[in-house]
*Asks:* 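My questions will all concern the structure given below.
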Amino acid sequence: DTAVSQTPKYLVTQMGNDKSIKCEQNLGHDTMYWYKQDSKKFLKIMFSYNNKELIINETVPNRFSPKSPDKAHLNLHINSLELGDSAVYFCASSLTQLRDRLYFGPGTRLTVL
Amino acid sequence: RKEVEQDPGPFNVPEGATVAFNCTYSNSASQSFFWYRQDCRKEPKLLMSVYSSGNEDGRFTAQLNRASQYISLLIRDSKLSDSATYLCVVNPARQLTFGSGTQLTVLP
């Protein structure tokens with residue numbers, strides 16, 4: 001069984017489009033995250049939710065909107081995609097928000113043309 | 001100064017070699033420390049946690065030096081399968097912060 005799953009795995013789209021990435025975890029964890037890994041491989045947190053509540057919202061353009069319908073799901077919607085949004089987006093979860101290890105999904109490779 | 005800094009490498013070592021990576025962190029209040037491994041085009045996975053007294057897991061040894069604010073990872077008897085990027089992870093505030101990674105290639 002996959003612990004943290006994301007769809008789609010690859011996403012190629014034109015500038016200006018709107019797209020969504022979905023994430024689900026079956027570990028029973030309370031906290032979920034979105035990380036962005038750019039071309040230089042630097043992994044940076046974007047958002048964190050704990051029990052459906054937004055707890056971390058780093059400096060991310062408001063074109064990015066996370067949504068957590070329940071604590072097992074955290075989706076990411078991106079409006080008006082730009083070239084600079086091209087990156088790998090990783091969903092992750094942890095047991096609690098307090099310094100626990102992270103379990104990552106396989107990543108979504110987004111390419112904006 | 002970045003919160004977590006690592007030498008990006010690349011480190012190219014022959015099979016069987018011993019290799020060590022260091023990672024420095026800026027927030028002295030950090031409480032949790034980890035090493036993650038990321039294979040090419042894959043997600044990061046936990047390699048090991050780092051405890052105050054140092055810890056070992058097979059060929060891997062992790063150390064924490066709070067006074068100098070760095071953690072280290074030692075890999076003995078390197079295998080080809082150890083080739084990957086090694087990410088230092090520190091918890092300086094509410095969330096884990098990742099270093100930019102050190103790339104290791106073990107050569108036959």
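The structure displayed is predicted, hence computed values, not measured ones. A note on names: the letters A, B, ... follow the listed sequences, proteins ahead of strands, and every chain is numbered from 1.
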*Asks:* Run the ring pair (Phe, Tyr, Trp, His ring centres under 6.0 Å) test against Phe64(A) and tell me which residues pass, sequence neighbours left out.
*Replies:*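 Counting only residues at least two positions away or on another chain, Phe64(A) forms no ring pair (Phe, Tyr, Trp, His ring centres under 6.0 Å).
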
*Asks:* Sort by residue number and list every residue of residues 36-43 of chain B having at least one heavy atom under 4.5 Å from chain A.
*Replies:*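 Counting heavy atoms that sit under 4.5 Å from chain A, the residues of residues 36-43 of chain B involved are Tyr36(B), Gln38(B), Arg41(B), Lys42(B), Glu43(B).
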
*Asks:* Among Lys41(A), Lys44(A), Gln37(A), single out the residue with the greatest number of heavy-atom pairs under 4.5 Å to chain B.
*Replies:*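 That would be Gln37(A).
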
*Asks:* So which part of Tyr35(A) gets closer than 4.5 Å to some heavy atom of chain B, the side chain, the backbone, both or neither?
*Replies:*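 Just its side chain gets close to chain B.
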
*Asks:* Over 60° means perpendicular and under 30° means parallel, so tell me whether Phe104(A) and Phe90(A) are parallel, tilted or perpendicular.
*Replies:*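 Because their plane-to-plane angle is over 60°, the rings of Phe104(A) and Phe90(A) count as perpendicular.
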
*Asks:* Would you call the rings of Phe21(B) and Phe11(B) parallel, tilted or perpendicular, where under 30° means parallel and over 60° means perpendicular?
*Replies:*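 Perpendicular: the ring planes of Phe21(B) and Phe11(B) meet at over 60°.
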
*Asks:* Judged by modelled atom types alone, do Thr102(B) and Gln6(B) share a side-chain donor-acceptor pair under 3.5 Å?
*Replies:*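 A pair is found: one side chain offers a donor N or O, the other an acceptor, under 3.5 Å apart.
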
*Asks:* In terms of heavy-atom contacts, does CD of Glu56(B) have more than 12 from other residues, nucleotides or ligands at under 6.0 Å?
*Replies:*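 For Glu56(B), atom CD is crowded (more than 12 foreign heavy atoms under 6.0 Å).
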
*Asks:* Taking atom types as modelled and ignoring hydrogens, do the side chains of Thr13(A) and Asn17(A) form a donor-acceptor contact shorter than 3.5 angstrom?
*Replies:*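 Indeed, the side chains of Thr13(A) and Asn17(A) share at least one donor-acceptor pair under 3.5 Å.
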
*Asks:* Do other residues, nucleotides or ligands put more than 12 heavy atoms under 6.0 Å from Lys71(A) NZ?
*Replies:*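 Counting other residues, nucleotides and ligands, NZ of Lys71(A) exceeds 12 neighbours.
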
*Asks:* Could you tell me which of Ser100(B), Gly99(B), Ser49(B), Pro44(B) has the largest number of non-hydrogen atom pairs under 4.5 Å with chain A?
*Replies:*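 Ranked by contacts with chain A, first place is Pro44(B).
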
*Asks:* Answer with yes or no whether the side chains of Asn50(A) and Thr31(A) bring together a donor and an acceptor at under 3.5 Å.
*Replies:*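 Short answer, yes.
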
*Asks:* Heavy-atom distances under 4.5 Å only: say whether Ile45(A) touches chain B with side chain, backbone, both or neither.
*Replies:*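 The side chain, not the backbone.
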
